[in-house]
> 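Sharing a structure here in structure tokens format.
Quick note: numbers below take in every heavy atom, side chains included, and nothing from hydrogens, waters or symmetry partners. Just so you know, residue 1 is the first one in the sequence shown, and it goes up from there.
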Amino acid sequence: MIGSQKNSYGIPLSLREWLVCIFATLTLVFTAWSLGGYKTWALHLLFAGGLGTFLASVLPMPRSWNGYDQQHGNLKNFKRLLLQPFFWAGLCFLVYILIQYLNPSVVQVFGDKSWWVERITPPLGANLPSSVKADYETMNALRSFVIQASAISLACGILVGIQRRKSALIILWFFVISGVTMAFVAILQKLSGADKILWVVNVQNVNPWGTFAYRNQGAAFLILVFLITGLLYFLYEKRASIKLKLGGPHLFLLLCTFLLTGSIWLSLSRGGIILSLLMLSVFILLALINVDWSSVKHNLRKLFLLSTVCGILAWFFVLNLSDWQEIEKRWNNLEKITLKIEDYDRYLCSKATFDMAQDQLMYGWGAGSFRYIFPIYQTEYEGLLYFYDHRNMPYGRKIYNYAHNDWIQFLAEYGIIGTILMGCLFFSFMANLRVIFKVSRTSACFMMFGIMIVVIHNFVDFIFSSPSYWVAFWGCLFLVYQLYKLQSEIKGIS
């Protein structure tokens, strides 16, 4: 049963698990407010949070800190870590990036007014993975290593240190509330006409959203929050149906999904809007399929009230707050893009990045190398060189720090070997979906659809390039997995 279990909730959390819970909660909450994780201080806080979560789960501690039910133990947690395929895949991936960093084959050289790259002799040999020797503050392999280590250590800490549903739910609830709050703040910023993030942080990009300098990344982060919110909704809705109740936390979560969708709509991120509406449609369809109609017919008044509130929210966002002139402009631009996709700069950028990947196909150019190597291939495509005014006259050079296609950029930076190692991270999670299917097919279907949405989004943008998103993505996925795995271990699951 999904209702409260006396044996599960009667025993207090161990001090070790509280430490893991606190570190993971602070880290995931911070992802919504870390300005995308691009600032060095923000990245280091994410790293500290992930590492703190991991160390709290595996470091030897006094026996009394491991709990009355002995869910934890110094040797037990270490064995638990060694049995995780994700840990080994992550460890191999981090070692691969570290080799790239220690074996640079290209160096960034600065002149009076510009910079360029030059070949150097790799210290560990030309037959090993290599990278570009560049400044850490801007981007290099070591910075990429810190980003990956932040996410992998957080996920491993959760897998080992979260062994009670209560702690998993605490972290997920804090993440959802933090994400929904960020969505609401984004709306307030738009209504107030703010040109700074949180009204105080200057940003070069003219289209930020929430705490993200790029609205596409802000919308993508809210889609991730939507995914977790929906999964919690199905969990609590099932609990309510078992108790033959209509009310419960799932109704609050339902309202949150509409607020998140509204915030994404107002962001004017075309990809975010399309994918979030698809996600909302699937969520509503699964919610209707999952409803216990025998209990609903006795609560028609409450259901009508809830539907009215959701309808008013939707009407308010769509009719009163939408910038229809800007929406029409962006959708007209999308129509032009679809008619001549071969001239679209992001399509050309993906082609140039694939050209870049082919020249170092096995090991890649190195983690964090894109912005240094891509300009060489950029010159082969006229549409990537300059901005053009209404008279079709060039007026400024285009600079690409990201490929706007994460999957091809991964191939260019990590090569086939590194991409396979990264693929093992995803496979190690997808192999665990059967556990979620065991508890709730509805939740598993929504999870699979949500991951598919993320995969599609990364073909047209640089979502995974945000350290905050990358950390939140892996942390939340494995929290959901742990929650449902612990749920499946309870006898009497229906």
Side-chain angles (χ1 to χ4, degrees), residues 28 31-32 86 151 155 158 168-169 171-173 175-180 182-183 216-238 250 253-254 256-265 267 269 271-290 406-407 423 425-461 463-464 466 468-485 487:
L28 286 176
T31 58
F86 182 84
I158 288 169
L169 286 171
I171 303 170
L172 289 172
W173 266 106
F175 174 75
V176 166
I177 292 172
S178 178
V180 171
M182 195 274 277
N216 292 341
Q217 289 184 345
F221 185 85
L222 296 182
I223 289 176
L224 176 63
V225 178
F226 189 129
L227 173 61
I228 303 305
T229 303
L231 291 168
L232 286 178
Y233 168 86
F234 292 123
L235 185 74
Y236 283 102
E237 194 279 333
K238 187 173 183 180
H250 62 289
L253 292 165
L254 181 62
C256 287
T257 62
F258 281 92
L259 179 61
L260 290 166
T261 307
S263 184
I264 296 169
W265 172 270
S267 73
S269 168
I273 291 173
I274 294 172
L275 296 176
S276 66
L277 290 178
L278 281 174
M279 200 158 184
L280 179 64
S281 301
V282 171
F283 171 75
I284 292 174
L285 177 63
L286 290 173
L288 290 175
I289 293 174
N290 204 48
D406 277 337
W407 304 114
L425 298 178
F426 286 90
F427 180 77
S428 65
F429 174 78
M430 297 301 292
N432 293 324
L433 277 177
R434 67 184 186 279
V435 174
I436 303 178
F437 262 107
K438 182 179 178 182
V439 179
S440 171
R441 292 183 179 179
T442 303
S443 297
C445 289
F446 189 63
M447 170 70 88
M448 292 178 64
F449 185 79
I451 293 175
M452 184 185 71
I453 289 291
V454 172
V455 170
I456 293 173
H457 206 170
N458 280 280
F459 271 112
V460 295
D461 233 313
I463 308 304
F464 280 157
S466 166
S468 296
Y469 185 95
W470 188 245
V471 170
F473 176 77
W474 287 110
C476 287
L477 287 192
F478 278 103
L479 267 173
V480 170
Y481 162 68
Q482 281 297 96
L483 176 62
Y484 278 87
K485 180 176 76 74
Q487 188 65 53

> What side-chain donor-acceptor pairs closer than 3.5 Å can you find for residues 274-286, not counting sequence neighbours?
from   : atom 1 : to     : atom 2 : distance (Å)
Ser276 : OG     : Gly272 : O      : 2.8
Ser276 : OG     : Ile273 : O      : 3.0
Ser281 : OG     : Leu277 : O      : 2.8

> Is it true that Thr257 and Tyr233 share a donor-acceptor pair across their side chains at a distance under 3.5 Å?
no
> For a side-chain contact (heavy atoms from CB on, under 4.5 Å) with Met182, tell me which candidate from Thr31, Leu222, Val225 qualifies.
Leu222
> Heavy-atom count around Met452 CE within 6.0 Å, excluding the residue itself: above 12?
yes
> Judged by atom type as modelled, is there a donor-acceptor pair below 3.5 Å linking the side chain of Lys238 to the main-chain atoms of Ser440?
no
> Considering residues at least two apart in sequence or located in another chain, which fulfil the side-chain contact (heavy atoms from CB on, under 4.5 Å) criterion with Asp461?
Asn216, Arg346, His404, His457, Ile463
> Between side-chain atoms of residues 470-479 and protein atoms elsewhere (two or more places apart, or another chain), which donor-acceptor pairs fall under 3.5 Å?
from   : atom 1 : to     : atom 2 : distance (Å)
Trp470 : NE1    : Gln148 : OE1    : 2.8

> Residues two or more places apart in sequence or in another chain: which of them pass side-chain contact (heavy atoms from CB on, under 4.5 Å) with Ile177?
Trp173, Thr181
> Do you know the tightest heavy-atom contact between Leu260 and Ala183?
CD2-CB, 3.9 Å
> Is any side-chain heavy atom of His250 less than 4.5 Å from a side-chain heavy atom of Leu254?
no
> Can you sort out the partners of Ser178 under side-chain contact (heavy atoms from CB on, under 4.5 Å), two or more places apart, ordered by chain and number?
Val29, Ala32, Trp33
> Distance-only criterion, 3.5 Å: show the donor-acceptor pairs between side-chain atoms of residues 425-436 and protein atoms not counting sequence neighbours.
from   : atom 1 : to     : atom 2 : distance (Å)
Ser428 : OG     : Cys424 : O      : 3.3
Ser428 : OG     : Leu425 : O      : 2.7
Asn432 : ND2    : Ser428 : O      : 3.0
Arg434 : NH1    : Ala431 : O      : 2.4

> Nearest 0.5 Å, what's the CG-CG distance between Leu172 and Leu28?
8.0 Å
> With a 4.5 Å heavy-atom cut-off, do Phe437 and Met448 have their side chains touching?
yes
